Amino acid sequence: MKKHYNTILSLLESCKTFGQLKQIHGLTITTTVVKNIIPLSRLIDFCTTAESRNLSYAKLVFSQIDQPSVYIWNCMIRGYSGGDKPYEALILCREMQRRGHMPDNFTFPFVLKACSICCDPDCGRCVHNCIVKTGFEVDVYASTGLLNMYASCGYMELAHKVFDEIPKWNVVAWTSLIAGLVNSNQASEAITVFKEMMHWNVEPNEITMVNVMVSCARTRDIETGKWAHNHIRQLGFDPFVSPVRFNVILATAILDMYAKCGSLKTARDLFDRMPLRNLVAWNSLIAAYSQYGRAKEALGLFFDMKTAGLEPDKATFLSIFDACATSGALALGQALHACVIKASIHEDTATGTALLDMYAKMGDLTSAQQVFNEVKNKDVMAWTSMIIGLAMHGRGEEALVIFKRMQETGTVIPDQITYIGVLCACSHLGLVEEGQRQFNSMTDVCGIVPTVEHYGCMVDLLSRAGRLEEAERFLEKMPAEPSVAIWGALLNGCEIYENVALADRLRSQMTELKQAFGSGVYVLLSNIYARAGRWEAVNLSRDLMKHKRVPKTLGCSSVETNFD
DNA sequence: ATAGGGTTAG
């Protein structure tokens, strides 16, 4: 009996595969070792660790144990918290308490992980209370778990509070806080926290630096990014210097930092030096080429990727559809549309949106609408892309119909971009009252603070309709300096409706500004004065250019070019 | 005997 017991324990020790485990389990039954808690614990441990997880088998063994120890409960909870049914971990934890076992310092990290994955901060709060009640709030693992739980549920104030109460901040606690800030779109705060961590002389590790790189990428802070890269080198784990144990995630994060900040040459160089490139690395560089207007190179890299044997995923398609749109590669776009359908991701919200956006930009609104109709869960961006696509192509009525349908869903709330499309549609249709109504409900009902673009749309709308005084009033209300396009829209109205007095006022206002104006504005002004026979004023308008030493090339608008 | 933080996208 004792001999069997020891044999089984040593067999379990060296057990590598699930097949072996089942044999050993059989052995415990035939040798009646089965009731002994230690081999059972080992069995459960094996079935609940990440590499060899088999939860149904673990559950089977578990159900045959009369009095599971806390260790066994913990293993089961660990297994579920890392599996595809994390809420089962929460149920098990409750069951464990019902059967008279209090969770311990090992239980909490697992349960909190389950709360994070389930995004269940209410449950997380209960666990928090339990941690306080059982006196484990001083445990660094429990606190870090809490910190992560709050951060991943978006409760950064609570995460901060937990962090502040940790007695001694180690690198993991700092990194958790940094990661939490990154995940809740507070990348610049993450950098601040990182600098504070350095101030406390806590040495960052690779995971810290991944988060720092992501923060620099998101904030386009290449200065800190370069500094951090250099620091990684000094710490001796720059994957591009010592690729012995190449950390592909850190390498990709560094690559992406340079890529997002527009240092495409450096990014490309690093990419070429990577001994191992995963899909994320390819996607990062493809996205950068696409976003920095180098569509041809994005497409080239995409084909290289296919040659290298990698299959594009959603992220790849997003960049590629954009690149197709800007380079006018309709045939390729259509072929990839077929690929997307084959991979059955055409119903995916982001993919569908990128696809419809591509068709809309190329003027194929029929296809754009078809794609739009097939998108399963249309979010704001899907609706907005469709609205802007229609508005851009002079199909304002349909744009407004789509907007109405969007409001009727009652679940999708328009954002500031949606309203740009809506106001643009009104402007092209000459629907002054409708445009004003929409502008008001945007601010009053939706609480959106209008940006320069929104005011620009209103100025454009009113100018086209000849309601120049109202347009001027909008100009005065603008939160920032009007863009060239807005001055242009108003001057355009002055020209059409022959309002020289307003043109005069605008000219003197514009002369006061530091901003540069292109020859378009000058031409407009000159025309207005010339038509009114005010030849002496034509020279005044020329001052607008002379003073600011503006090159005679046209500074065209963002508002106009995007939507006309 | 069990534990915490990581890369790409509109």
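For clarity, every value in this text was computed on a predicted model and none was experimentally measured. Proteins get letters first, then strands, A, B, ... in listed order; numbering begins at 1 in each.
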Counting any heavy atom closer than 4.0 Å, what does [X] reach on the DNA or RNA strands: base, sugar-phosphate only, or nothing?
X       : value
D322(A) : nothing
V214(A) : sugar-phosphate
D379(A) : base
V182(A) : nothing
S319(A) : nothing
A354(A) : nothing
T351(A) : nothing

When you look at CZ of F240(A), are more than 12 heavy atoms from neighbouring residues, nucleotides or ligands closer to it than 6.0 Å? yes
Heavy atoms from other residues, nucleotides or ligands near CD of E203(A) exceed 12 (cutoff 6.0 Å):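 Not more than 12 within 6.0 Å, no.
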Side chain of [X] only, heavy atoms from C-beta on: which candidate in [options] is closest?
X       : options                 : answer
T353(A) : dT8(B), dG6(B), dG10(B) : dG10(B)
I249(A) : dG10(B), dT7(B), dG5(B) : dT7(B)
R218(A) : dT8(B), dA3(B), dA9(B)  : dT8(B)
D104(A) : dT8(B), dT7(B), dT2(B)  : dT2(B)
L318(A) : dT2(B), dG10(B), dG4(B) : dG10(B)
N74(A)  : dT2(B), dG4(B), dA1(B)  : dT2(B)
T252(A) : dG6(B), dT8(B), dT7(B)  : dT7(B)
N211(A) : dG6(B), dA9(B), dA1(B)  : dG6(B)
N105(A) : dG4(B), dT7(B), dA3(B)  : dA3(B)
N283(A) : dA9(B), dT8(B), dG6(B)  : dT8(B)

Salt bridge flag under 4.0 Å for residues D45(A) and R78(A): yes
Any carboxylate oxygen within less than 4.0 angstrom of a Lys/Arg side-chain nitrogen, looking at R245(A) and E206(A)?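 Salt bridge between R245(A) and E206(A), a charged N being under 4.0 Å from a carboxylate O: yes.
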In whole angstroms, how far is the [atom2] atom of [N] from the [atom1] atom of [X]?
X       : N       : atom1 : atom2 : answer
N148(A) : dG6(B)  : CG    : P     : 7 Å
L279(A) : dT7(B)  : CG    : C1'   : 11 Å
Y258(A) : dT8(B)  : OH    : P     : 17 Å
D348(A) : dA9(B)  : CG    : P     : 15 Å
E311(A) : dT8(B)  : CD    : P     : 22 Å
F321(A) : dT8(B)  : CZ    : P     : 21 Å
M358(A) : dG10(B) : CE    : P     : 16 Å
F108(A) : dG5(B)  : CZ    : C1'   : 20 Å

Testing the 3.5 Å rule here: is there a donor-acceptor pair between the side chains of D322(A) and S319(A)? no
With a 3.5 Å cut-off and no angle check, do the side chains of N283(A) and T316(A) form a donor-acceptor pair?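 Yes, T316(A) and N283(A) have a side-chain donor paired with an acceptor closer than 3.5 Å.
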Any N or O donor-acceptor pair under 3.5 Å from the base of [N] to the side chain of [X]?
X       : N       : answer
D357(A) : dG10(B) : no
S176(A) : dG5(B)  : no
S284(A) : dT8(B)  : no

With a 4.0 Å cutoff (strictly under), does any side-chain N or O of Q291(A) reach OP1 or OP2 of dG10(B)?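 Checking Q291(A) against dG10(B): at least one side-chain N or O falls below 4.0 Å of OP1 or OP2.
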OP1 or OP2 of dA9(B) under 4.0 Å from side-chain N/O of K260(A): yes
Can you measure from CG (L90(A)) to CD1 (I77(A)) and round to the nearest 0.5 angstrom?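 Result: 9.0 Å between the selected atoms.
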